[in-house]
Amino acid sequence: MTTVDLTSEFDPDTLARVLDAGRSMGADFSEVFIEDKRSVSAGLDDGKVEQVTSGRNRGAGIRVVAGDTTGFAHTADLTERGLIEAAQAAAAAARSGGGGTKKVALNSPRRHPVNVVRVLPGSVPKADKVALLMRADDAARGVHGSIVQVSAGYADSVRRILVANSDGVLASDEQVRSLFRVSVVADGDLGMQTGYESMGHTIGYELFEDNDVGDLAVAAARQAVTKLRARPAPSGAMPVVIKCGSGGVLFHEACGHGLEADLVVKGASVYRNRVGELVASPLVTLVDDGTMTAEWGAIGIDDEGHESQRNVLIKDGVLTDYMWDYLRARNDKRAQSGNGRRQSYADLPMVRMTNTFVMNGDSEPDDIVKNTEHGVYVAKLGGGSVDTATGDFVFGMTEAYLIENGQITEPIREGNLIGNGPQVLADIDMLGNDFAMGNPGTCGKDGQGVPVGDGQPTLRVKSLTIGGTAA
Amino acid sequence: MSTASKATESTPDSVRQLQDIADRIVAQARPGEQIEAYVSRARETDIRIYEGEIEHFVSAQSEGVGVRIIRNGRTGTSYAGTLDVSALAEVLAEARENAELGSVDEWAGLAEPDGVPVVPQELWNEQLEHFPTEEKIAIAKRLEKIALAADSRVRVEDASYSDVFAEEAFATTTGVRSGGRENGCYASVGTLADDGDETQTGFGFSVGKWPGEFDLDKAGREAAERATRLLGAVKPPSKRTTVVLDPYVTAQFLSIIGSTMNGESVIKGRSLFKERLGETVASSMVTLIDDPTDSRAYTATDLDGEGLAARRNVLIEHGELKKFVHSSYSARRAGTKSTGNATRGGLGGSPGVGCLALQLVPGTATQQQLIADVEDGVLIQMVQGLHSGVNPISGDFSTGASGLMIRNGATAEPVREFTIASTLQRMLQDIIAIGGDVDWLPMRASGLSLVIRDVTMSGA
């Protein structure tokens, strides 16, 4: 299977007529977003490939902006008639009376290839994908006799998008993603424990030619087995060391969301009105970068047709900028930053992260642990969430150990850590030189999920509250 | 969204249309094939108000089909977000191809009619169908005003009105044939409260079969209260303590407990309650029921995700574990019958298993009376991070929280940025009082105040 650029399937004149229909009731901006996404997934559980699923979602979302009001409608009917009907519905939703009738002239199509795909998922027999699942199952079960259950999932998707708007933008992108996950249950004298590993990249099936899913399965199994002897996690505030590549979610929650301009302009972020100020330890330089080739959050263009870019958000602890989408940038009379994203054609775009990470410091990771008398070493973080207005956030530790006398010792059971964003950023007192990207993530906001990446070197927060049960 | 009423003489044409599509797909079964077709269509409105103006107006229509084919014990599925005739053929062909690839599972199979009668539910409201757009906008504007008027320290982040109209139909080669439609609406408001440099957040909501059932005053007032009550909150010291869960928090806790009663997880060795049927797993005052036929429940429904009649199941009775919930698949493996608890997460894939409408048999005390009996504790009004800090397989429970300290039977200062932790196994045993203040929340569990002792609070 080969794929074609969506711009070759839609006549620019048709798109211009749809955009005109969007502004027929006096709106000052209209946009058509067309998406054609094919997905294949396969799931194994309990030793069996339970099902293989494939699906297709194809449609268009039409956005019309009149003053401060956005009208939005979407349709699965991609004929000119279907598109124009949706545009009229969006226009009616945003109707404001008056306004211009300027005809749209679309620029020549732009592509901004960030990701290079070697093996399109559609060119690989599904049977090969299913075989990966069996391999992961065998590998995980071979680790230890205590492994009682394994589930594994394979997923790939090819998402082709086209964006045209009344400012003359015409752009397209093809986003190919491949993902694999393994979760394992081990059973021991103290009850059951779980292990989880995943890998995902914005590339094709070459992911599985360059990486062995068996290694991933073994890592998940070892995590579960190790935790069988885990003791209850401590309770209270103490130093926390977070292993490289496992704690990017900390920054995603502690400050990433709070730097999204849609929340900032409504005064719903602790970081509002703080550009130019010291908001983090001077060790911290935080970047959001949609151009990181092959990373899970990498995009050629955002879902508003703007080229992806690298944005430095915090430089040496000083807040330099927020992340922007079309609407918020327009209202602020500034440039977009390539952060306007949406889950699908059926959703409105908003400000979203891409790949968000903290750059290297200069400490040796071993020294960070050695210099910690007593605390917790987190080898794997789970999900998290934040209240951007207060900065209070939580995130789960799925694999963690005690640090005693500068050494990593006993594994501890799962729990949440809780902190306040600005406080935790200020409390980062050691930053390693071993940067790594973390697991693929899905970031949820207002009910929409989008793929995001994160990363960081090993680092220490001098005080975080561990939500365990041990005194 | 849950399913809708059984196809009858009163079935509207639009649902019949979907039923026809499902029937046509199933009619194409080849010898030896079991086919299930699920067809759905929905309309949604979402209006968001900010500072008295419409921030966005979304008018959405969606449709789709999901097909599952089982042949020689292998399962394949496929879906498409359209009902185009060409897409339907493609979906069927893809599902057939996918069914060649799975493992042979001797228990694989579709649901078969089991004779359990459907308890009819009123899931469609004609007044909502004809409710004018201008009034929907006015509702969101009014809600914003109510929240603002409730307290001078309050700002509104956004106020919304949304509604959904959903129709669906099932058909299987095994003789299940059902469908229906459902609608509902929702108004909500997000608030911010400022005091000097400090900002806290809140929310309020109201749900109904049509806007006439909204209580906007309550929603606006609660949104303002939730934001202002935490102003000046401090981080409490760490200690073992007693917690009183607000109904909204209890409902979330019950949903997690419900997930451990999933028959499929039990069979696959993934439930902490496996092999414990008949044992005492909770305080004797605990009787936990999953009852989607109770029309007071927000997720009340007449059919489960396989088109079988939804039904009442007692899971824990006076502390004793009585039953796990099952779909037809998990029941076949467990050597029992479906409890009508198949769930469906969208168009693609096979149905899963889950509780549909949990409720705890209530006590009689008000929240205030429960608090009066607590010498030293904390009222938990909000939790954060249940998805990241709770493991329903190991039972570890740890969540971020905020609320009010309780001293000598009365609420005291607000507290935030702390966690509460225990294990699910212990928390069920440590329940010492159950309130009578049942709240039918828009979730898969209803809420009431719940008192749990010996929980670890981690703070400063």
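Scope of the values below: all heavy atoms of this structure, side chains included, with no hydrogens, waters or symmetry mates. This is a predicted model, so every value here is computed, not measured. Order of the sequence lines fixes the chain letters, A, B, ..., with proteins taken first and strands second; residue numbering starts at 1 for each chain.
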If you tally heavy-atom pairs under 4.5 Å against chain B, which of A:Thr75, A:Leu44, A:Leu348, A:Val148 wins? A:Leu348
Hydrogens and angles aside, do A:Gln51 and B:Thr75 bring a side-chain donor and acceptor to less than 3.5 Å of each other? no
Between B:Glu90 and A:Arg58, does any NZ, NE, NH1 or NH2 come within less than 4.0 Å of an OD or OE carboxylate oxygen? no
Would you say A:Thr53 and B:Thr77 are linked by a side-chain donor-acceptor pair, where the criterion is simply a distance under 3.5 Å? yes
Side chain to side chain contact (heavy atoms under 4.5 Å, CB included) with B:Glu100: which residues, sequence neighbours excluded? none
Using a strict threshold of under 4.0 Å (side-chain N to carboxylate O), is an ion pair present between A:Lys266 and B:Glu51? no
Name the region of B:Arg68, side chain, backbone, both or neither, that has any atom closer than 4.5 Å to a heavy atom of chain A. neither
Bottom line for A:Ser151: the part with an atom under 4.5 Å from chain B's heavy atoms is both
Does the side chain of B:Thr201 pick up a donor-acceptor pair with the side chain of A:Asp387 at under 3.5 Å? yes
Taking every heavy atom of B:Tyr50 against every heavy atom of A:Val265, the minimum-distance pair comes out as OH-O, 4.4 Å
When you check the side-chain N and O atoms of B:Gln200 and A:Thr390, is any donor under 3.5 Å from an acceptor? no
No-hydrogen, no-angle side-chain donor-acceptor test under 3.5 Å, B:Ser458 and A:Ser235: yes
Chain B contacts, top residue of A:Ala127, A:Gly382, A:Ala237, A:Ser385 (heavy-atom pairs, under 4.5 Å): A:Ser385
Excluding sequence neighbours, so at least two apart, what forms side chain to side chain contact (heavy atoms under 4.5 Å, CB included) with A:Asp262? A:Glu260, A:Arg328, A:Met350, A:Val351, A:Lys445
Using non-hydrogen atoms only, which part of B:Glu97 is less than 4.5 Å away from chain A: side chain, backbone, both, or neither? side chain
Where does B:Ser271 contact chain A at under 4.5 Å (heavy atoms): side chain, backbone, both or neither? backbone
Contacting region of A:Ala346 [heavy-atom separation from chain B under 4.5 Å]: neither
Counting only non-hydrogen atoms closer than 4.5 Å, does A:Asp187 touch chain B with its backbone (N, CA, C, O), its side chain (CB onward), both, or neither? side chain
Counting heavy-atom pairs closer than 4.5 Å to chain A, which one of B:Ala99, B:Gly190, B:Gly400, B:Ser350 comes out on top? B:Ser350
Does any heavy atom of chain B fall under 4.5 Å from the side chain of A:Val249, the backbone, both, or neither of them? neither
Contact leader toward chain B among A:Lys126, A:Arg63, A:Gln193, where contacts are heavy-atom pairs under 4.5 Å: A:Lys126
Sort out for me which residue in B:Arg270, B:Lys268, B:Arg333 forms a salt bridge (Lys or Arg N to Asp or Glu O under 4.0 Å) with A:Asp46. B:Arg333
Any residues in residues 102-110 of chain B near chain A, with a heavy-atom distance under 4.5 Å, and which are they? B:Gly102, B:Ser103, B:Val104, B:Asp105, B:Trp107
Test item: A:Leu327 and B:Glu55 side chains (from C-beta on) under 4.5 Å apart, heavy atoms: no
Qualifying residues under side chain to side chain contact (heavy atoms under 4.5 Å, CB included), relative to B:Asn391, sequence neighbours excluded: A:Thr194, A:Glu414, B:Ile393, B:Ser394
Quick test of your reading of the model: are A:Asp446 and B:Arg48 salt-bridged, counting only N-O distances below 4.0 Å? yes
I'd like to know if the side chain of B:Thr82 reaches the main chain of A:Ala76, judged simply by a donor and an acceptor atom lying under 3.5 Å from each other, with no hydrogens or angles considered. no
Counting heavy-atom pairs closer than 4.5 Å to chain A, which one of B:Gly349, B:Ser402, B:Ala95, B:Gly395 comes out on top? B:Gly349
Among A:Gly55, A:Gly396, A:Ala92, which has the most heavy-atom pairs under 4.5 Å with chain B? A:Gly55
